[in-house]
Each structure stands twice: as C-alpha cells, then as structure tokens.
Amino acid sequence: MNATTNAARARRVVVSAASGALIIAGLAPMSAATAAAPTASTVLALSSKTITGVPASVAPGYHTFVLKETAAQLKKDPRGLDILQLAKGYTIAQFRADGAAAFGDKWTAAVKKAYTRLIKNTRSLGGLELEGDYTATGTSFTVLLTPGTYLLDNGPTTDGAADTYKSLTVSGASAGAKPTSIGTITSKEYAFKLVGVKAGRHVYALHDAGSQIHMYLMLRLDKGHTLAEVQAALASNQRPPSWVHSAGFAGLLSGGQTMYTSLNLSSTSDYLLVCFMPDVKTGTPHAALGMVRLFRVA
C-alpha cells in the first residue's frame, strides 16, 4: 500500500466528475422549518455503462441515494456514485483538463494552478463506492439538495471502464428532513475529529469543516497495531501487510459540505481514516500532513 496507489484512487474520484456542467444555485442550508419529513429517496442501479433509475426531477431538501449493483457487476467492475456541481462558466473541457493535470507525477506551478482552479470551481457533495471488501461503509447516503442542476457521476474505474453520468434537476416545494445521526466525523486541514462514534451500524454526519476537499477513505486493521506501523505501511511501496484490510470509501467532500451515511464498525477491529487529497499549496498528500486517524470503538 502506498501513496501512489491511493492518490490514483483520489484521481479516479475527482476526474470522474469531468462529465457535465452544473450551476451552483441556492446553496444556503434549508431551515428546519422549511424541511419536511420523511427524507426523500431514489434507488439507482449502477453498471459499467450507465445509471438507471434517475428521476427527471426531485424536490429540494435532504435526499437519500440508494445504490445497487448486481453480483456480477460487483465481481467484474465495482462502481460508485458522486454528486457534483461545477461553477457557472467553468466548462466541461476546463474541468477535464484541470482534473487530468492536477494529479501529475510532479507538483509544478502548472499543476498547482490546475488543481487550484479545480477546487475553486467544483463542489463535491459526497458519494460512495461499492466494493466487495468494503465492510464498514454501506450502500446509501444522504445529502442536502437545493434548487438547481446536479451531476450524478458513475465514475471510471481502475479497470478502464469509462465514466457515465446523468443530470438531476432539483425544483419545487421542499420535501425531505435532515437525517438523524448519532455522531459526527469532521475533516479539516489537516486532521479528523470523531464525536459519538461507537460499535454497530449507525448513521453519522460526515462534515468537511475545512477549505479544501477531503476524502473519507477507511481501512480496517487487526487490533493491536500502532499508528507508527500504519504510517510505515502507507509509505511503503510493498503490498499491504496482512493486518491491513479495505473498509470503504465514504465520501469526497468540498469545504462546508455534509453527507450522512451509515458505518458498520466493530469493537473486534481497529480503524483508520485517511485523506490522500493533495494540499493546494504544496501538493503534499493530506495524509503526510496529519490526516491519518487511528481509532477504536466500543
């Protein structure tokens, strides 16, 4: 396991957004008085070629996306979904070029410029990836949708499948209340903060309180290993040690964004939260700047 491998995951998630132009509109949070229960939901089926089940439009408010894929799809080409917006005037071609340039082998002035432009003009509301070994993350997540047009991106995979996408219009009267969660996992330059996390399957609010984009990549560890051992494994160019296991990818969030999703955590394992997104100023992976959090639950 190494930073290059995980940076490739980050690039796949970010560059997968280069699929359509969106307008950021009405981004102020809805008040509790205007939201209505229960949370609205949409079931989406993911395949290598398309997303099915996307409605023509949905009402504003908190909306849950339930992801499904067949057993054959999971084995052959696991998919995921990201919800994104592009700023007005920031074109698809610009985003595609910036995304491709932002994760080059060297952090040059040109790469920094591309990545800065990408972060400034792109808003990631959250998402999930579905993999057979993602034991801690689930198949549904909830985000706040305000009036406007959104991009549902079924991102490309490391196996070479192209990204596919569908647009979603949000309009009408508000419908969908804020989900109930038992705890919060906050990301910020350059650390994770956990409040109310415990064993079992529970809904958590994942919130990016920083100014940069952060990922919630989770690893499950056999108990008893130190953070120093974990950091050495992350920095190694060797295969991951046998005590490190995949656990899930629970969101790629822009600053100020919150998504809600269930995490299934066990007291028989330890867990690691890590962010490999590059720092806007230096290009250094956030993990190398402190965004590696080892935690346990009871």
Side-chain angles (χ1 to χ4, degrees), residues 1 5-6 9-10 12-14 16 39 41-46 51 62-71 73-75 77-84 124-143 152-155 157-158 179-187 192-208 213-222 240 244-253 257-277 287 291-297:
M1 178 182 301
T5 300
N6 289 283
R9 176 182 293 279
R12 178 186 132 197
V13 174
V14 174
S16 69
T39 302
S41 65
T42 295
V43 178
L44 302 173
L46 309 180
I51 310 168
Y62 287 94
H63 198 93
T64 298
F65 293 91
V66 182
L67 310 183
K68 293 184 177 296
E69 64 181 356
T70 65
Q73 183 70 44
L74 180 63
K75 181 178 180 180
D77 180 26
R79 306 300 292 184
L81 185 78
D82 298 293
I83 302 182
L84 307 119
S124 178
L125 282 73
L128 288 173
E129 290 189 49
L130 304 181
E131 297 275 358
D133 58 353
Y134 282 3
T135 56
T137 52
T139 58
S140 66
F141 64 97
T142 302
V143 295
L152 308 186
D153 194 339
N154 187 16
T157 70
T158 53
T180 300
S181 57
I182 70 159
T184 303
I185 304 178
T186 302
S187 58
F192 290 101
K193 180 181 179 180
L194 286 71
V195 176
V197 178
K198 62 182 182 179
R201 184 183 297 276
H202 304 284
V203 174
Y204 297 92
L206 277 54
H207 175 64
D208 185 347
I213 192 168
H214 295 299
M215 67 165 63
Y216 288 73
L217 179 64
M218 298 189 67
L219 300 174
R220 182 176 61 82
L221 313 176
D222 295 347
V244 177
H245 316 277
S246 297
F249 189 89
L252 186 72
L253 298 175
Q257 295 299 306
T258 303
M259 66 172 273
Y260 298 82
T261 191
S262 64
L263 300 177
N264 188 18
L265 305 174
S266 172
S267 59
T268 63
S269 296
D270 293 340
Y271 294 90
L272 188 80
L273 272 168
V274 59
C275 176
F276 284 103
M277 297 304 292
M291 292 200 73
V292 179
R293 175 66 185 268
L294 180 64
F295 68 98
R296 302 172 177 87
V297 295

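For the numbers below, each heavy atom of this structure counts, side chains included, while hydrogens, waters and symmetry mates do not.
Side-chain contact check for Leu152 versus Ile83: some heavy-atom pair is nearer than 4.5 Å. Annotation: side chain of Arg296 is not in contact with side chain of Ser267 (no heavy-atom distance under 4.5 Å). Looking at heavy atoms from C-beta onward, Leu130 lies in side-chain contact with Thr139 at the 4.5 angstrom threshold. When side chains are defined from C-beta on, Ser124 does not count as touching Leu253, because their heavy atoms never get closer than 4.5 Å. Put simply, the side chain of Met277 reaches to within 4.5 Å of the side chain of Leu252, judged on heavy atoms. Residues Val297 and Phe295 are in side-chain contact: their nearest non-hydrogen atoms beyond the backbone lie under 4.5 Å apart. When side chains are defined from C-beta on, Val274 does not count as touching Met291, because their heavy atoms never get closer than 4.5 Å. Contact of the His245 side chain with the Asp222 side chain is registered, since non-hydrogen atoms from C-beta on lie closer than 4.5 Å.
Heavy-atom minimum distance, Leu265 versus Ala136: CD2-CB, 4.2 Å. The minimum heavy-atom distance linking Tyr260 with Ser181 is given by the pair CE2-OG, 4.1 Å.
Atom OG1 of Thr142 sits about 12.0 Å away from atom CG of Leu125, to the nearest 0.5 Å. Rounded to the nearest 0.5 Å, atoms CD (Glu129) and CD (Glu131) are 6.5 Å apart. Atom-to-atom distance recorded for Leu194:CG and Thr186:OG1 is 8.0 Å, nearest 0.5 angstrom. Considering CZ of Arg79 and CG of Leu46, their distance stands at 8.0 Å, rounded to 0.5 Å. Between atom NZ of residue Lys75 and atom CD of residue Glu69 there is a gap of 14.0 Å, rounded to the nearest 0.5 Å. To the nearest 0.5 Å, atom CE of residue Met259 and atom CG of residue Leu128 are 4.5 Å apart.
Side-chain atoms of Ser266 come within 3.5 Å of backbone N or O of Thr268 as a donor-acceptor pair.
For Val43, the side-chain contact (heavy atoms from CB on, under 4.5 Å) partners at least two apart in sequence or on another chain are Val66, Lys68. Shown here are the side-chain contact (heavy atoms from CB on, under 4.5 Å) partners of Thr42, two or more places apart in sequence or in another chain: Leu44, Pro55, Val58, His63, Phe65.
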**OP:** Could you check Phe249 against Tyr134 for side chain to side chain contact (heavy atoms under 4.5 Å, CB included), going step by step and ending with a plain yes or no?
**Re:** CA-CA 8 Å; Phe249 189 89; Tyr134 282 3; 4.0 Å; yes

Subject >> Derivation of the side chain to side chain contact (heavy atoms under 4.5 Å, CB included) call for Tyr271 and Leu294 >> reply: CA-CA 6 Å; Tyr271 294 90; Leu294 180 64; over 6 Å; no

Original post:
Checking side chain to side chain donor-acceptor pair (under 3.5 Å) for the pair Ser187/His214: CA distance, chi angles, key distance, verdict?
Top reply: CA-CA 7 Å; Ser187 58; His214 295 299; 4.9 Å; no

Original post:
What's the verdict on side chain to side chain contact (heavy atoms under 4.5 Å, CB included) for Leu217 and Leu273, showing C-alpha distance, side-chain angles and the deciding distance?
Top reply: CA-CA 6 Å; Leu217 179 64; Leu273 272 168; over 6 Å; no

Original post:
Checking side chain to side chain donor-acceptor pair (under 3.5 Å) for the pair Thr64/Ser41: CA distance, chi angles, key distance, verdict?
Top reply: CA-CA 4 Å; Thr64 298; Ser41 65; over 6 Å; no

Considering only distance and modelled atom types, tabulate donor-acceptor pairs under 3.5 Å from the side chains of residues 196-206, sequence neighbours left out.
unit_1 : atom_1 : unit_2 : atom_2 : d
His202 : NE2    : Ala199 : O      : 3.0
Tyr204 : OH     : Lys198 : N      : 3.2
Tyr204 : OH     : Lys198 : O      : 3.1

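Between Phe192 and Tyr216, the distance from one ring center to the other falls under 6.0 angstrom.
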